[in-house]
Amino acid sequence: MKIKRHIFGLLAATALAAGTWSCTDLDEVTFDRIDASTYYQDESSVKGAVASIYASAASGFLEYFWYLNEFPADQIAWRTWNGGAWGYDEAAKFVLSSQTWNSESVIIRQAWEHAWETIGLCNTLINDLEQLNPAALAMTDAQLRSYIAEVRTMRAWAYYNNFELWGGALPLNVSVGGDIPGSADPDFNKGCEVIWNFIADELDGCYADLTAEDGSSATRNRMNQGMNRMLKMRLLLNSQLFTGVDRYSECATLCQEIIDGKYGTYNLASDYRTIYSVGNANCPEVVFAFAMEAGRMTNNNRNTPFLPYNYDEMFDFSCDQGGWNCTCLVPSKDNTGTLVPNAGSEGAKSFLFDYGDKLGAPFDRMNDKDIRKQPFKCDAAGNWQGIFAMGAQTNYLTGEPVLADADLQDKPLIYVDQVGTFLNLGRQLEPVMSPRWGQTNSGFRVLRYPVYPSSAGLDWRDAGQVEFRLAEVYYTLAECRLRAGSADAARQLVNEVRQRYYAPGDAAEIEKPGPGFDSFDADWMLSEWGLEFLDEGRRRRTDLRRFDKFTQGQWWFFGRATETDRELPARRDRRYEWYPLPQVALMVNPGLVQNPNY
């Protein structure tokens, strides 16, 4: 472990030095570089160096890219208490939920600053490894190529994440020199083609050197052939959006190859809970997950942004990772009806059934027979069910009521599927309000990963953070089939996944499009994407933009609520389809060319 940390410290510093073009610090920092041969003495040292990129990638991407992909979309919201300062952070995250950001928005700058360390580190490692003599390290050429392919695939993944956000304005930096690259091309659309082709070529050029999962679960926490091909699949699925070129047919072919096991042995999990539980590196559906371990590497965005400060009273478990109480499920109900003390209102209208929205309202969109659609509970042995903190909260073992804080201090904590100022604090209650105006119990909370009681002897932070799983391949192939005119084939593929969410007696439910939908069309497909991957950090990318709903679709408060300092139209400006380069980056690097829409 000392070798791993030492190498990581050296190489991370080198990567940051080589990548100063991404930083906002104008002071030049020089790092002395010791020859790589000093560190790479055997395969263990190579493996330790490669392992460092995973820590960098997890810390660099799992938090801020979750913000930028979920908060502007229609299923997860950053909620501020009654229009006050807590959670507002000078609108840092509210600009995401309201789609009102610009090049000077703090959250855009923070995401940009986290975007480049992994790429710089990968550049350094690739340069080092390509100069090594495998025989001198008691390695075969194939073994060394496999490590290089691992790093190249990680770099491609990091670039893809950035590409989703900033498109053709990105620089393309694959060297370890001190030159500061500008945007891939001054023309944004041409830049998109350059970046797309780079990622595609990189993935195609190294996947054969990666290890294919053989069913033993040895590769699920590492870059592997299946993960590489799934990343290429994402690139093909979004090709028309990114480059204007329709590659759905090629995408469908690749999907079928992955399902058929050409790039590794994977199977859909019969019990969805195995995907998210401790030990999920052994789940047959998981293609790649970041390994997590309490006290060493954890994901701040797993559950805790949704949970109250006293969540230990809910689960009979405590740790040093506190609740934020700022994030909630986008509500399915407005704020009409009869007020109920401490619990929103009864008889409220549904955005799905009464307003007719096909977006948002994730709880109402989920079939009542779906076994996920129930309050989360976990017994003393660690057996759990449901994915929502909803209604009155009690300790799941003792039954003792959990009390709220803030505006409902010492009152029963009762989560409602609404967002509003039911106590008329900060602003009088209105039928529809933006996430700026939510009291402490506003919105159901999502528990994608289970929180175990202390008696179970399991720490919820030890479950791997799943980034690629086989269900995505089925949904991608389903969308390709739908776009090719075969709604029935799309339905069958989606149902192969959905069947695990229904008891045998309710199996017929999967033959229905679902609540609020009457046909297996594009709206249905978009909804199913959202329900299957709820809170998995990809709603903006995987769904809304490709279906032209990100700025042009209506849900919840858009076109219905008002704010004094910004417009919230039913349809937003299309410039928000991409994020702007942060102004500070443009100041540091004059070679960068801003997205023309900003």
Side-chain angles (χ1 to χ4, degrees), residues 71 74 76-100 305-310 323-355 357 360-364 388-393 401-445 554-570:
F71 291 168
D74 66 325
I76 304 296
W78 180 267
R79 177 196 57 83
T80 303
W81 282 348
N82 303 316
W86 183 256
Y88 193 57
D89 300 331
E90 298 181 350
K93 297 184 181 69
F94 183 63
V95 299
L96 297 178
S97 292
S98 57
Q99 295 189 13
T100 55
F306 295 91
L307 297 176
Y309 307 118
N310 57 334
W324 300 8
N325 199 21
C326 288
T327 305
C328 68
L329 194 68
V330 164
S332 293
K333 304 293 194 295
D334 70 6
N335 304 324
T336 59
T338 304
L339 293 180
V340 177
N342 309 320
S345 66
E346 289 182 345
K349 294 179 180 179
S350 167
F351 291 112
L352 177 66
F353 302 117
D354 298 306
Y355 287 78
D357 291 353
F363 190 78
D364 275 2
F388 299 106
M390 51 187 284
Q393 297 303 294
V402 176
L403 302 182
D405 59 3
D407 42 36
L408 290 172
Q409 185 71 42
D410 296 330
K411 300 290 196 309
L413 178 57
I414 306 172
Y415 287 128
V416 297
D417 197 13
Q418 302 168 279
V419 171
T421 54
F422 294 97
L423 296 175
N424 293 316
L425 296 177
R427 184 172 180 172
Q428 292 293 305
L429 181 68
E430 298 172 2
V432 180
M433 306 185 82
S434 81
R436 177 104 205 268
W437 306 96
Q439 62 189 45
T440 194
N441 65 332
S442 284
F444 288 167
R445 310 303 163 95
Q554 184 174 21
W555 65 85
W556 185 12
F557 63 90
F558 283 117
R560 296 166 181 146
T562 60
E563 292 292 336
T564 58
D565 61 344
R566 67 197 69 215
E567 298 294 323
L568 303 173

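Keep in mind it's a predicted model, so treat the numbers as computed, not measured. Numbers here simply count residues along the sequence, with the first being 1.
Applying the side chain to side chain contact (heavy atoms under 4.5 Å, CB included) test to P412 and every residue at least two apart in sequence or in another chain returns N342, I414. Residues satisfying the side chain to side chain contact (heavy atoms under 4.5 Å, CB included) criterion with E430, sequence neighbours excluded, are R427, M433, T562. Remark: F558 engages W555 in a ring-ring contact (aromatic ring centres under 6.0 Å, His included) (not counting sequence neighbours). Residues forming a salt bridge (Lys or Arg N to Asp or Glu O under 4.0 Å) with D357 (at least two apart in sequence, or on another chain): R560. Take L423 and apply the side chain to side chain contact (heavy atoms under 4.5 Å, CB included) test, not counting sequence neighbours, and it matches D407, L408, L425, Q439. A search for ring-ring contact (aromatic ring centres under 6.0 Å, His included) contacts involving F363 returns F388, F444, not counting sequence neighbours. Y355 pairs by the ring-ring contact (aromatic ring centres under 6.0 Å, His included) definition with F351, not counting sequence neighbours. With sequence neighbours excluded, the residues satisfying ring-ring contact (aromatic ring centres under 6.0 Å, His included) with W78 are F71. Considering only residues two or more places apart in sequence or on other chains, D417 meets the salt bridge (Lys or Arg N to Asp or Glu O under 4.0 Å) condition with none of them. For D565, the side chain to side chain contact (heavy atoms under 4.5 Å, CB included) partners two or more places apart in sequence, or in a different chain, are Y88, E563.
Between the CG atom of N325 and the OG atom of S442 there is a distance of 10.0 Å, given to the nearest 0.5 Å.
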*Check step by step if side-chain contact (heavy atoms from CB on, under 4.5 Å) holds for Y415 and L413.*
CA-CA 6 Å; Y415 287 128; L413 178 57; 3.6 Å; yes

*Could you go through the side-chain contact (heavy atoms from CB on, under 4.5 Å) check for D405 and T440 one step at a time?*
CA-CA 7 Å; D405 59 3; T440 194; 2.9 Å; yes

_Check against side-chain contact (heavy atoms from CB on, under 4.5 Å), W437 and T80_ = CA-CA 6 Å; W437 306 96; T80 303; over 6 Å; no

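Here the closest non-hydrogen pair linking T327 and I76 is CG2-CG2, 3.4 Å. In terms of heavy atoms, F422 sits closest to S345 at CE2-N, 4.1 Å. Contact record, F557 with P435: CE2-CD, 3.4 Å, taken as the closest heavy-atom pair. Nearest heavy-atom pair, S434 versus L568, reported as atom, atom and distance to 0.1 Å: CB-CD1, 4.2 Å.
Counting only distance, with no hydrogens or angles, the side chain of R445 and the backbone of G443 share a donor-acceptor pair below 3.5 Å. Under a 3.5 Å cut-off, the side chain of S350 and the backbone N or O of F353 do form a donor-acceptor pair.
Side-chain contact check for L429 versus L339: some heavy-atom pair is nearer than 4.5 Å. Side-chain contact check for Q393 versus N441: every heavy-atom pair is 4.5 Å or farther apart. The shortest distance between side-chain heavy atoms of C328 and V419 falls below 4.5 Å.
Looking only at atom types and distance, the side chain of R436 has no donor-acceptor partner in the side chain of N82 under 3.5 Å away.
Counting only residues at least two apart or on different chains, no salt bridge (Lys or Arg N to Asp or Glu O under 4.0 Å) pair has a member in residues 338-352. Counting only residues at least two apart or on different chains, the salt bridge (Lys or Arg N to Asp or Glu O under 4.0 Å) pairs with a member in residues 332-343 are K333-D364.
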